[in-house]
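These notes concern the structure reproduced below.
Remember, it's a predicted structure, so these values are computed and weren't measured experimentally.
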Amino acid sequence: MSTHLVIMAGGIGSRFWPMSTPERPKQFIDVLGCGRSLLQLTADRFGTLVQPECMWVVTSAAYADIVREQLPQLPASNLLLEPCRRNTAPCIAYVSWRIKAIDPKANIVVTPSDHVVMDVQEFLRVVASALRFTAETDNIVTLGMKPTRAETGYGYIQADMSVPSARNREVFRVDAFHEKPDLATAESYIRQPNFFWNSGLFVFRVSTIVNALRIYAPDISVIFEQLLPIYGTPAEQQAIDAHFPECRSISIDYAVMEKADEIFVFPASFGWSDLGTWGSLHERSPKDANGNVCIGQDIRMVESRDCIVHTTEERRVVVQGLDGYIIAEKDDTLLICRRTEEQRITQLSQE
């Protein structure tokens, strides 16, 4: 049974402004200042687990050239282009039927393109264990992150921790999925040992997800089922352009995960973050003695604390007397704002 990696890279969010833009959103930029974009780091992370010919990227047609530039090892036929945005259920349906057409026994890992993992070895151990579990069962596994704070920006997974799966003692049945909560609800969740952040990372066999979509989202499944004869042919893109817009916009959580019975969670802790804000990058990055995060060539902090400075262009930057600020530059734009005001200032700057 071969393992396939699916990277969902179609997001158009403008997080990490001014570095990210609608033309080059955050998955395609070097957020960490390491010389690799978040998309490239995602592909790198799976390098020992998946062969290049079994890696797939689903993205907007507008980003095709960026993906080709950043992932030259990706086979041309494994870059799937969505003509419009329809959320994660149609995305996963398309790539699942595409893989089924050439490898009906495939085992699949689905991951967003813009997440960060600090402990890659533990991550690979967890994913490999989940893959062994799905290879032996008709179950879907989602990776649940052990929460470290009352986070309102993530959905939560509620698990039945009373009895682990007989086939894998680290895997537990999901009781419920919960949408992003308010602060009071999030605080109540993290006081309970059976609540986990929903990472959006899924593991399943292609036959399992296809059957689940047939049952719980038949209107979506019929669209991609009818295209089986043309996958991998020159007619594929034209057919996708014509029929993909017929899909309703719905997440895989709503379409399948919240309805299906055989959904399991693998609680894990490997330094995961979806890096939704400059503040989350500050939290996840190494800091100096005063809590500053400096990403750039020559940054000097004087009498400053709890700041994040991201200035990767080759110039000297000196910051004095700031407490809790974001300083970020890209081309002809410079952002300086309080960390607590990031969302408001970003919105104002783009109006």
Side-chain angles (χ1 to χ4, degrees), residues 5-17 19-22 24-34 36-46 57-60 63 85 87-89 91-92 109-120 122-124 126-127 130 141-157 177-183 186 189-190 195-203 251-254 257 265-285 293 295 308 310 326 328 339 342-343 346:
L5 169 65
V6 172
I7 303 176
M8 299 183 293
I12 61 171
S14 58
R15 294 169 175 180
F16 293 103
W17 184 85
M19 286 191 64
S20 64
T21 65
R24 186 176 285 257
K26 72 167 182 170
Q27 64 266 32
F28 302 120
I29 63 176
D30 179 13
V31 173
L32 301 181
C34 64
R36 303 287 282 173
S37 71
L38 293 178
L39 171 67
Q40 291 171 315
L41 290 173
T42 301
D44 295 345
R45 196 177 303 139
F46 288 90
V57 175
V58 188
T59 191
S60 164
Y63 304 142
R85 299 182 71 227
N87 214 316
T88 55
C91 168
I92 290 174
V109 182
V110 176
T111 178
S113 59
D114 54 359
H115 292 183
V116 166
V117 168
M118 297 302 180
D119 188 345
V120 175
E122 174 62 8
F123 171 81
L124 291 174
V126 168
V127 171
V141 174
T142 180
L143 303 191
M145 303 297 102
K146 297 175 183 178
T148 58
R149 63 186 182 279
E151 175 60 60
T152 60
Y154 301 153
Y156 285 74
I157 300 168
F177 287 85
H178 298 275
E179 293 304 304
K180 297 174 182 178
D182 58 29
L183 182 58
Y189 287 167
I190 67 169
F195 277 76
F196 306 94
W197 289 334
N198 187 350
S199 69
L201 284 150
F202 301 101
V203 183
S251 71
I252 195 67
D253 285 347
Y254 277 131
M257 302 303 166
V265 62
F266 196 130
S269 180
F270 38 69
W272 170 89
S273 174
D274 78 344
L275 288 188
T277 62
W278 286 112
S280 62
L281 178 59
H282 178 271
E283 179 183 335
R284 284 292 179 188
S285 300
V293 173
I295 301 173
I308 178 166
H310 195 295
I326 300 165
R339 283 171 46 201
E342 174 182 354
Q343 183 176 3
T346 299

Drop me the distance from R45's CZ to L38's CG, to the nearest 0.5 angstrom. 8.5 Å
Drop me the distance from S269's OG to M145's CE, to the nearest 0.5 angstrom. 8.0 Å
Are side-chain heavy atoms of [X] and [Y] found at a separation under 4.5 Å?
X: D114; Y: F16; value: no
X: T59; Y: S113; value: no
X: D274; Y: V116; value: no
X: T42; Y: T111; value: yes

Side chain of [X], backbone of [Y]: donor and acceptor closer than 3.5 Å?
X: Q40; Y: S37; value: yes
X: T142; Y: L201; value: yes
X: W272; Y: M118; value: no
X: E179; Y: G155; value: no
X: T152; Y: L183; value: no

Please determine whether a side-chain nitrogen of the Lys or Arg among R149 and E283 lies less than 4.0 Å from a carboxylate oxygen of the Asp or Glu. yes
Between D44 and R36, is there a side-chain N and carboxylate O pair less than 4.0 Å apart? yes
Name the residue from I295, I326, V293 that meets the side-chain contact (heavy atoms from CB on, under 4.5 Å) definition with L281. I295
The ring-ring contact (aromatic ring centres under 6.0 Å, His included) partners of F123 (sequence neighbours excluded) come to F46, F270
Not counting sequence neighbours, which residues clear ring-ring contact (aromatic ring centres under 6.0 Å, His included) with F266? List them please. none
Closest approach of G144 to I157 (non-hydrogen atoms, all atoms of both residues): CA-CD1, 4.3 Å
Applying the ring pair (Phe, Tyr, Trp, His ring centres under 6.0 Å) test to H178, which of W197, F196, Y154, Y189 qualifies? Y189
Could you pull out all residues at least two apart from R284 that satisfy salt bridge (charged side-chain N to carboxylate O under 4.0 Å, His left out)? none
